[in-house]
Amino acid sequence: LAALHSHAQAAPQYPSYPSETPTTLRQPTYAGEGMDYERREVMIAMRDGVKLHTVILVPKAAKHEGMLLTRTPYSATATTTNAMSIHLASALYGYDNALETIVDGSYIRVVQDIRGKYGSEGDYVMNRPNHSSKPGALNPTPVDETTDTYDTIDWLVKNVPESNGKVGILGISYDGFTALIPISHPHPALKVAVPMNPMVDGWRGDDWFHNGAFREQNMGYIYEQAGSRGNDYHWLNTYFDDYDFYMNAGSAGELGKRRGLEQIGFWKKVTEHPAYDSFWSEQAVDRVLAAEPLTVPTMLVQSLWDQEDIYGAIATYKALEPKDTHNDKLFLVIGPWHHGQEIEDASSLGAVKFHSDTGLYFREQILAPFLAHYLKDDPPPLKTAPVTAYETGTNTWERLDSWPSGCSHGCEPRATPMYLQAGAKLGFKVPAGGEESSAFDEFVSDPAKPVPYRARPSQPMGYTPNLSWVRWLVDDQREFSGRTDVLSYTSDVLTAPLKISGEPVTNLVASTTGSDADWVVKLIDVYPDEVGGDVEMGGYQLAVSMDIFRGRYRESLAEAKAITPDKPLTYKFALPTVNHVFLPGHKVMVQVQSSWFPLYDRNPQTFVPNIFFAKPGDYKKATERVYHSAGEASFVELPVVK
Ligand code: PG9
């Protein structure tokens, strides 16, 4: 030690050269500079003492005003300082949910970092399940997003003097989840909730899986979102084409190992629960809410082309509708939008034009009066229909009493099978019995050459201007219908409008030479070969509803089972909700394929215990057969409105 000491050099004493940055920078009040709002930042203590970073933007004119709350995992600071400006509208511009509605409504705007993220204290759990004292419950702690919302609202109504004691909560996507789940045990001051495109069931049809097929391109989100409090680390896709990136990685589990995802608790839970076991079913928000009374007026917003959470809003509507005995607590809006497009210009989506800004219509004509009714002191009467649904194809808004319903009264949709037929045809006629040769069509599904879910190069998920991720559900499916590993069945040209409202249901009779298989079914509106006035739509194959089903869950979503090879088996699963009219001159098409890559991970097509950890040798070609003979008829039940 002495030797060490003698060698340790005393740090050289340099002359003073003080830092130019003060230890704390006092913020100006901008008094007299024309600010039209005041920004307050507070740490609100929850019942367990954890403090949540909360930004409160109070319009200068606010007196006895309603408050609109959003609780986000994506940074309250980022959401409220898009531009530090003297105008609230500018500060919120571009990030906020339904901006004009909020600003024109002169509401007090509150945005909070949820527990464990960004400026808030506490531990982060993805889509934190509601706490339960049941033995083995997912969340045994006394806190969750519901209690955190309760405690936050309790503080707000007591500490924001400009408030009138009425609070609304709204948000999109994950913020839709945090706007939805608190209605399970709401604070009395919570007067209205507007969950838009909410995350509800991550396995059935929202962000993580669709019917058991894993959304592999979400690995980057998990790494960045759950890897650190402030999303400090970036997931690098080292290929321009995501198709190559995920193909060369092998299985999702291998890629996760290579990229250190195993350090992340949520990733481990995802890979440990590939089936729809209690981990997923217990936290499914529609199921959680089905067990509670509906007391908070709630407007669910569904996007017909929601590339991320196409399942949640409708599933929640189904769960809550029976509780809305007076048809005055539950509201549903169905728009022709991508995920969250309701707060943007929504005059078109990809090549599809709506002839009016359907987003602005929603914000001004539906959302604004709805919020005012519950949050203003002298509320206008409520004129919102229980269901406001956009009818694609005809580009019209409908006011309906319930969903699904084909019109305001007396035209219930009726499940009508449309059959896959020999000769690549599709029709309402049951296939004739008889000749073997027409009993099925077949294709080779090769995991080394999976069907791309979009034309390559496959872009990553994302919202930056260079990415078209938000539009992928309206891509022209012509790109794929020519592939030998995609079967297409097409109706005759329609001579009368065909309206469908609700969920088409696939009844696919198929066999595989393998012992596992994925089935992708697409319901497509085929435009006339030439469309006057909109030439780009000539022959367009517009998917109106499509989804994937992982065959190992055919008998039970909770338990994977090997598929018996070479045996025609029926796969029955619902496709996402539609409200569409196939116009005269159009045709109906159904496409069938066995991969949708790299959005969904590849099925090795040989049965393995856990596809996340399939080995290279497990991935094998298989010959898939789709049957359309009388005894083994494949069809899609369309919710036809006469
Ligand atoms: N629902 C969106 C999302 C969640 C998880 C992965 C990818 C997307 C969202 O909250 O933006």
Side-chain angles (χ1 to χ4, degrees), residues 70-76 78-79 94-97 111-114 116-118 124-129 145 169-181 194-210 213-228 231 233-235 237 242 246 252 256 261 264-267 269-271 273 280 283-286 300-303 305-316 337-344 453 458-464 467-473 576 598-601:
T70 294
R71 304 188 64 254
T72 184
Y74 300 137
S75 173
T79 304
Y95 275 72
D96 210 339
N97 306 289
V111 186
Q112 181 179 69
D113 288 325
I114 63 171
K117 288 305 294 182
Y118 291 96
Y124 180 60
V125 172
M126 188 80 75
N127 299 104
R128 190 184 194 94
E145 302 302 346
I169 190 166
L170 85 170
I172 296 173
S173 205
Y174 201 127
D175 296 1
F177 160 75
T178 57
L180 177 60
I181 198 155
V194 184
M196 298 180 260
N197 313 101
M199 296 171 79
V200 167
D201 189 322
W203 193 95
R204 294 299 303 276
D206 289 327
D207 293 286
W208 311 120
F209 298 81
H210 275 217
F214 174 61
R215 287 194 147 203
E216 192 166 12
Q217 284 188 298
N218 267 328
M219 290 176 72
Y221 174 96
I222 294 171
Y223 182 81
E224 296 182 351
Q225 181 65 20
S228 66
N231 290 42
Y233 307 110
H234 185 61
W235 169 270
N237 283 23
D242 254 22
Y246 287 99
L261 267 168
I264 294 174
F266 181 65
W267 175 251
K269 290 175 183 176
V270 167
T271 56
H273 299 280
W280 295 107
Q283 65 178 291
V285 181
D286 55 324
L300 295 159
V301 179
Q302 167 79 8
S303 294
W305 284 292
D306 189 325
Q307 76 281 1
E308 297 180 24
D309 296 299
I310 204 162
Y311 178 87
I314 298 295
T316 305
W337 304 314
H338 66 62
H339 187 68
Q341 194 180 4
E342 59 270 19
I343 66 165
E344 298 173 10
Y453 83 105
S458 280
Q459 293 186 335
M461 291 178 162
Y463 294 91
T464 46
L467 296 177
S468 61
W469 157 252
V470 296
R471 299 193 287 278
W472 83 266
L473 283 176
L599 178 58
Y600 294 96
D601 63 339

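Atoms within each ligand, like the ligands themselves, are counted from 1 in listed order.
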Need the ligand 1 atom indices (1-based, order shown) with element for anything under 4.0 Å from a heavy-atom of W208. 5 (C), 6 (C)

Minimum-distance pair of heavy atoms, taken over all atoms of L467 and M461: CD1-O, 3.9 Å

Counting both backbone and side chain atoms, is some N or O of Y74 under 3.5 Å from an N or O of ligand 1? yes

Quick one: nearest non-hydrogen protein atom to atom 1 (N) of ligand 1, plus distance? S173 OG, 2.5 Å

So is Y463 polar-close to ligand 1, meaning N/O to N/O under 3.5 Å? no

I172 side, atom CD1; E342 side, atom CD - distance, nearest 0.5 Å: 4.5 Å

Do the rings of W472 and W469 sit parallel, tilted or perpendicular, given the 30° and 60° boundaries? parallel

Heavy atoms only, cut-off 4.0 Å: how does D309 contact ligand 1, side chain, backbone, both, or neither? side chain

Residue-level breakdown please: for Y174 versus ligand 1, do any non-hydrogen atoms fall below 4.0 Å on the side chain, on the backbone, on both, or on neither? both

Minimum heavy-atom separation for A213 to D601, with atom names? C-OD1, 4.1 Å

Among non-hydrogen protein atoms, atom 7 (C) of ligand 1 lies closest to N218 OD1, 3.2 Å

Kindly determine whether D201 and W203 satisfy side chain to side chain donor-acceptor pair (under 3.5 Å), including the steps that lead there. CA-CA 6 Å; D201 189 322; W203 193 95; over 6 Å; no

Using modelled atom types and a 3.5 Å cut-off, is there a donor and acceptor pairing between side-chain atoms of N218 and backbone atoms of D207? yes

Output yes when the distance from some N or O of ligand 1 to some N or O of D207 is under 3.5 Å, and no in every other case. yes

